[in-house]
Amino acid sequence: SSRADLRLENAVMIFGVKPLMPKIADKISRECSSGTHVLSYRFRVPMFDETATRGEDSGSNSGFLAADLVYDHEEMRVYRVQ
C-alpha cells in the first residue's frame with residue numbers, strides 16, 4: 001500500500017520484496033525531495049540509469065528511481081535521490 005506520505009521525509013527505509021520495488025521506486029520518485037536517503041535491505045531499487053542498459057523506452061521513467069548509489073555492502077544499499 002502507498003498510504004504513507006513521504007514528502008517531508010529525509011530518509012526512507014525499505015523492507016520490500018522484489019516484485020514491489022518498481023512501485024516503491026515510483027512512489028519515492030514522486031514524493032521524495034532531492035537529497036533524501038533511501039535505505040534498502042536485500043533488494044535493489046531499480047535506478048533510472050538502468051533503462052539505457054536494458055533498452056527500455058527512454059521516455060518512460062516508470063518503475064525507476066533517479067538516485068546515486070552511495071553505499072552497497074552485502075544486503076544493504078543506500079541511495080541518495082537526485
Side-chain angles (χ1 to χ4, degrees):
S1 171
S2 61
R3 291 183 213 147
D5 184 350
L6 304 178
R7 289 179 288 179
L8 299 178
E9 305 304 328
N10 58 18
V12 176
M13 178 69 189
I14 302 170
F15 289 98
V17 294
K18 194 171 184 176
L20 290 179
M21 296 311 268
K23 288 182 180 181
I24 292 169
D26 277 344
K27 180 170 180 62
I28 292 169
S29 294
R30 283 191 319 270
E31 297 182 15
C32 290
S33 301
S34 177
T36 299
H37 284 91
V38 178
L39 296 77
S40 179
Y41 180 75
R42 191 144 191 216
F43 297 107
R44 292 181 181 274
V45 176
M47 293 173 56
F48 175 68
D49 62 1
E50 294 175 0
T51 58
T53 8
R54 291 186 188 179
E56 300 273 341
D57 175 8
S58 59
S60 172
N61 298 341
S62 182
F64 295 93
L65 178 65
D68 298 311
L69 181 61
V70 295
Y71 180 84
D72 185 0
H73 184 71
E74 294 182 6
E75 292 192 342
M76 187 68 198
R77 286 157 199 92
V78 179
Y79 305 86
R80 185 176 338 150
V81 176
Q82 294 177 352

Donor-acceptor pair, side chain of [X] and main chain of [Y], under 3.5 angstrom:
X: K27; Y: A4; result: yes
X: E31; Y: L6; result: yes
X: D26; Y: G63; result: yes
X: T36; Y: C32; result: no
X: Y79; Y: V45; result: yes

Heavy-atom closest pair (S29 atom, A66 atom, distance to 0.1 Å) is OG-N, 4.4 Å

Nearest heavy-atom approach of L69 to M47 is N-CE, 4.0 Å

Verdict with supporting geometry, D68 and Q82, side chain to side chain contact (heavy atoms under 4.5 Å, CB included): CA-CA 7 Å; D68 298 311; Q82 294 177 352; 2.9 Å; yes

Is there a side-chain contact between [X] and [Y], using heavy atoms and a 4.5 Å cut-off?
X: V78; Y: V38; answer: no
X: I24; Y: L65; answer: no
X: R7; Y: S33; answer: no
X: M76; Y: Y71; answer: yes
X: F43; Y: E75; answer: no

Is [X] linked to [Y] within one hydrophobic cluster, defined over Ile, Leu, Val, Met, Phe, Trp and Tyr using a side-chain heavy-atom separation of less than 4.5 Å?
X: V17; Y: I28; result: yes
X: M13; Y: V70; result: yes
X: Y41; Y: L39; result: yes

Please step through side chain to side chain contact (heavy atoms under 4.5 Å, CB included) for the pair R42 and F15, ending with a clear verdict. CA-CA 8 Å; R42 191 144 191 216; F15 289 98; over 6 Å; no

So that I can tick it off, tell me whether R77 and D72 are bridged by a salt bridge, with the cut-off set at under 4.0 angstrom between side-chain N and carboxylate O. yes

